[in-house]
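To find a chain, count down the sequence lines: A is the first, B the second, and so on, and within it residues start at 1.
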Amino acid sequence: MDYSKVELDALRKLSYELKIDVIKMLDKADSGHIGGAFSIADIVTCLYFKVANLDPQNPDWDERDYIMLSNGHVCPILYAALARKGFFPKEELNNLRKIDSLLQGHPKLGIPGVENTSGLLGQGLSQGVGIALGLTMDSKPNKVYVITSDGEHQEGQTWEAIMSANKWSLNNLVVIVDRNHVQIDGNTEDIMPLGNLKEKYESFGWIALDINGHDYNEILQTFDFVKKIDQPVAIIAHTIAGEDISFMERLYKYHDWKDDPVEVEKALKELQAELDKFN
Amino acid sequence: MDYLLEKYKNESELEKMATREAFGVAIVSVANENDDVVVLNADLPGSLKLNDFMEVFPERYLQIGVAEQNMASIAIGLSHYGKIPFITSFAAFSPGLNIAQIRIGSIKNQNFKVVSSHYGFHVGPDGASAQMESDIAMMKAIPNMVIVNPADYNQTKTMTHLISRAKGPIYMKLTREKFPVFLKEDAHTEIGKVQKLLSGDKLTVIATGSMVYETLQAVLEVDKDGGKVELLNLHTIKPLDKEGILESVRKTGKLLIVEEHNIWGGAGESISRIVAENHPVFTKIVGIYDTFGESGSHRKLWEKYEIDRVAIASQIREII
Ligand SMILES: Cc1ncc(C[n+]2csc(CCOP(=O)(O)OP(=O)(O)O)c2C)c(N)n1
């Protein structure tokens with residue numbers, strides 16, 4: 001089923017608003033990770049505002065789906081989404097990375113809506129396997145969505161987790177890989193080649209799908225499809241690092257960002273122009 | 001025992017440098033001296049200041065990707081073959097994530113070096129997970145492991161040379177933040193020996209790494225005329241300089257240890273053991289009081305968690 005333009009546009013518009021929040025947050029924080037935050041922004045928007053079953057008033061609700069961010073450094077986009085969804089007041093975004101504040105530089109259990117403590121790459125998928133196993137033992141229908149980066153597929157533990165999800169045929173586990181091809185010091189294929197992740201997941205017994213991680217219709221249809229699959233599913237989301245900011249796109253040097261007033265202004269202007277197209 | 005630069009008291013006149021910058025410079029000259037030296041890194045070469053090394057010795061630079069366990073075991077293989085590998089990352093990831101691999105390489109005293117930056121609260125805004133309050137505890141409990149924690153830029157350059165020549169597994173800790181350069185470039189440094197920076201007869205203060213200059217300022221503030229507080233620079237945490245430490249506490253009869261590490265498992269506990277076994281005196285440790293950090297600048301974190309010069313000075317005042 002194709003989604004209506006109205007529905008898709010509402011989500012797209014929201015993603016620009018979240019990105020504007022992120023630029024403002026990082027400007028106030030003086031630094032933070034942006035490349036991956038923007039490559040995964042469209043999927044984060046779909047998950048939080050369309051796909052997952054969540055109750056911001058009751059973050060520990062038993063019936064909720066679990067959204068986990070294994071590549072925790074891209075948390076500015078997560079925090080922007082959680083705030084907009086109502087998990088905590090939007091004012092908290094102003095204190096990102098500051099002492100005595102709620103929003104830590106990497107997600108930590110205890111922040112409303114956060115399901116895993118991260119910051120060390122490669123551990124989130126195993127934690128997701130743990131939650132998925134618990135749900136399976138208790139025959140519960142909740143889904144577990146684990147967002148991962150391509151860079152953390154260089155950690156051996158990621159592959160240990162992939163193997164174990166297959167062993168227990170965890171049909172409640174969905175992995176999204178932000179395949180943006182960049183990491184800190186360069187392009188992934190130069191640093192440590194990852195190759196064809198779809199084929200690798202398949203050879204580990206998973207159903208794997210290559211999708212365009214910026215196409216809302218494709219993203220939503222994929223999430224609909226995976227709900228019907230009786231196996232662990234990997235969505236390899238082909239994305240663009242720094243998506244929507246002309247001077248950042250695809251460049252690994254924007255993995256993280258020391259805010260610069262000129263760049264902040266330019267980025268905000270470009271996002272506002274996109275937003276204005278909806279009015 | 002002439003270690004301090006002449007103007008060491010005047011912080012504003014001292015150059016500020018991070019010790020990781022010294023490592024970046026020194027590793028190039030170490031590699032020039034010894035063809036067997038190779039450097040491994042896990043997607044953080046800029047943070048370890050390896051840019052010069054990568055340019056001068058591209059064939060001796062191995063980028064492993066985000067894979068610290070693989071990095072450590074590859075290094076152990078290289079060392080078995082005859083190379084001298086340096087594995088480099090943040091302390092939270094190495095040894096934080098590859099302690100078991102490092103331990104295996106230490107069983108036969110293999111010749112590899114673990115060089116890690118951003119220890120203690122040094123990652124600042126990135127928050128608790130990438131900070132590192134427990135690395136000394138992990139590493140000191142591994143038999144054969146040597147741990148060095150140089151106090152400034154100049155000492156780190158010297159130490160990089162020393163560890164490349166010493167055989168066996170050695171862990172060297174580096175700071176991210178810039179601190180005053182206050183030790184002489186040619187000061188005599190020997191692995192396993194404390195350096196007496198100030199002499200005194202009422203209290204021995206032992207500080208290590210990032211805490212040495214901070215403690216020095218605290219001492220200058222409290223002991224204005226000098227002569228009361230003896231300050232030792234503990235650039236080697238393991239093995240401990242038993243004689244050097246005991247000689248000082250025999251004279252002063254009181255001991256304060258300052259470190260940017262959890263008080264559980266840090267250098268302080270090991271020093272306390274040596275003192276308790278040989279010449280028990282009143283002892284106190286200033287360190288991270290069994291808590292994780294949080295996001296914030298490292299200065300603000302030092303203040304909040306009471307390991308800054310104000311907190312150190314008030315401890316010294318209380319004791320003497
Ligand atoms: C275990 C571990 N090692 C190293 C790091 C440091 N680090 C933070 S982000 C990053 C790059 C990872 O690549 P990726 O997540 O693909 O980057 P992005 O797409 O966000 O640019 C690294 C090495 C870490 N957080 N955890």
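Comparing B/G124, B/S129, B/A92 by heavy-atom pairs within less than 4.5 Å of chain A, the highest count is held by B/S129. Ranking A/L121, A/D190, A/I184, A/L96 against chain B, the residue ahead of the rest is A/I184, based on heavy-atom pairs under 4.5 Å.
Judged by distance alone, with hydrogens and angles left aside, the side-chain atoms of A/K108 form no donor-acceptor pair with the main-chain N or O of A/S118 at under 3.5 Å. A distance-only check finds a donor-acceptor pair linking the side chain of B/Y119 to the backbone of B/S210 [under 3.5 Å]. Not one N or O on the side chain of A/S149 forms a donor-acceptor pair closer than 3.5 Å with the backbone of A/N71. With hydrogens and angles ignored, the 3.5 Å screen pairs no side-chain donor or acceptor of A/T158 with any backbone N or O of A/Q154.
Side-chain contact, A/S70 with A/Q123: no donor N or O sits under 3.5 Å from an acceptor N or O. For the residue pair B/Y171 / B/N149, no side-chain donor-acceptor distance below 3.5 Å is found, with atom types taken as modelled.
Neither the backbone nor the side chain of A/H73 has a heavy atom closer than 4.5 Å to any heavy atom of chain B. Contact annotation for A/D100: both backbone and side-chain heavy atoms come within less than 4.5 Å of a heavy atom of chain B.
Ring geometry for A/H33 versus A/H106: interplanar angle of 30 to 60°, hence tilted. By the 30° and 60° cut-offs, the orientation of the rings of A/Y48 relative to A/F87 is perpendicular.
At a heavy-atom cut-off of under 4.5 Å, chain A is reached by B/G65, B/V66, B/A67, B/E68 from residues 65-72 of chain B, listed in order of number.
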